[in-house]
Amino acid sequence: MNIHTRYQACIDACNACAAACNACLVACLKEDDVKMMQRCIALDTDCAAICSLAAHAMARDSEMARHFCRVCSEVCLACANECSQHAHDHCQQCADACKHCAKACQAMVN
């Protein structure tokens with residue numbers, strides 16, 4: 001099985017999640033009560049970073065890819081939990097992407 005086949009679904013989920021988190025954090029910064037969105041912004045930032053790192057690790061077939069995926073799954077779940085508490089469309093879309101990514105990453109770990 002080549003790298004592309006083995007990791008592609010998870011790489012795609014990580015890239016989509018990173019994009020959703022980046023979009024969410026930018027939208028959060030434009031909300032009227034930015035202070036209320038502080039934890040969401042912080043988790044969006046962390047989640048986008050670990051998703052990108054995990055995707056890059058898988059793309060190069062890093063021996064640490066499974067470890068990054070484990071951490072990515074944990075961060076995605078934390079971000080999904082935070083975003084799901086906010087009614088904004090961007091937060092709900094981010095939460096959905098994070099849940100999907102967490103599931104894909106967990107499958108890589110198992």
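Predicted model only: the values in this text are computed from it and were never measured. In what follows, every heavy atom counts, from backbone to side chain, and hydrogens, waters and symmetry copies are set aside.
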>> Please evaluate residues C83 and C98 with respect to the criterion side chain to side chain contact (heavy atoms under 4.5 Å, CB included), reporting the C-alpha separation (whole Å), side-chain torsions for both, the decisive distance (0.1 Å), and the verdict.
In response: CA-CA 9 Å; C83 282; C98 287; 5.8 Å; no
> Can you tell me how far the OG atom of S62 sits from the NE2 atom of H56, to the nearest 0.5 Å?
Replying inline: 12.5 Å
>> Can you tell me how far apart CE (M37) and NZ (K30) are? Round to the nearest 0.5 Å.
In response: 13.5 Å
>> Less than 4.5 Å apart, side chain to side chain, heavy atoms only: is that true for C51 and C21?
In response: no
> What's the verdict on side chain to side chain contact (heavy atoms under 4.5 Å, CB included) for C24 and Q93, showing C-alpha distance, side-chain angles and the deciding distance?
Replying inline: CA-CA 8 Å; C24 186; Q93 291 169 5; over 6 Å; no
>> For I41, is there any backbone N or O sitting under 3.5 Å from a side-chain donor or acceptor partner on T45?
In response: yes
> For the side chain of R70 and the backbone of R66, is there at least one donor-acceptor N/O pair under 3.5 Å apart?
Replying inline: no
> Got a sec, which hydrophobics cluster with F68, joining ILVMFWY side chains under 4.5 Å apart, including via others?
Replying inline: I50, L53, M64, V71, V75
>> Working to the nearest 0.5 angstrom, can you tell me the gap between C72 SG and L77 CG?
In response: 9.5 Å
>> So, taking the atom named SG in C94 and the one named NZ in K99, what distance separates them when rounded to the nearest 0.5 Å?
In response: 10.5 Å
> Got a sec, which hydrophobics cluster with L43, joining ILVMFWY side chains under 4.5 Å apart, including via others?
Replying inline: none
> Is atom NE2 of H88 surrounded by more than 12 heavy atoms (other residues, nucleotides or ligands) closer than 6.0 Å?
Replying inline: yes
> Is there a side chain to side chain contact (heavy atoms under 4.5 Å, CB included) between M58 and C14 once you walk through the steps?
Replying inline: CA-CA 10 Å; M58 287 182 280; C14 285; 3.9 Å; yes
> Given the rule in the side chain to side chain contact (heavy atoms under 4.5 Å, CB included) test, do D44 and C79 qualify, once you have shown the distances and angles that lead to the verdict?
Replying inline: CA-CA 6 Å; D44 284 339; C79 191; 3.3 Å; yes
> Any side-chain heavy-atom pair from H100 and C17 closer than 4.5 angstrom?
Replying inline: no
>> Checking D96 against Q92: is there a side-chain donor and acceptor pair closer than 3.5 Å?
In response: no
> In Å, rounded to the nearest 0.5 Å, how long is the span from CD of Q106 to SG of C76?
Replying inline: 11.0 Å
> Without hydrogens or angle criteria, can the side chains of H67 and E63 be said to hold a donor-acceptor pair below 3.5 Å?
Replying inline: no
>> With a 6.0 Å cut-off (strictly less than), is the heavy-atom count around CG of D33, excluding the residue itself, greater than 12?
In response: yes
> Please walk me through it: do D12 and Q8 pass side chain to side chain donor-acceptor pair (under 3.5 Å)?
Replying inline: CA-CA 6 Å; D12 291 346; Q8 196 58 53; 2.7 Å; yes
> For the residue pair V34 and E31, what are the closest heavy atoms and their distance?
Replying inline: CG2-O, 3.2 Å
> Which atoms form the tightest heavy-atom contact between A95 and S84, and what is the distance?
Replying inline: CB-N, 3.9 Å
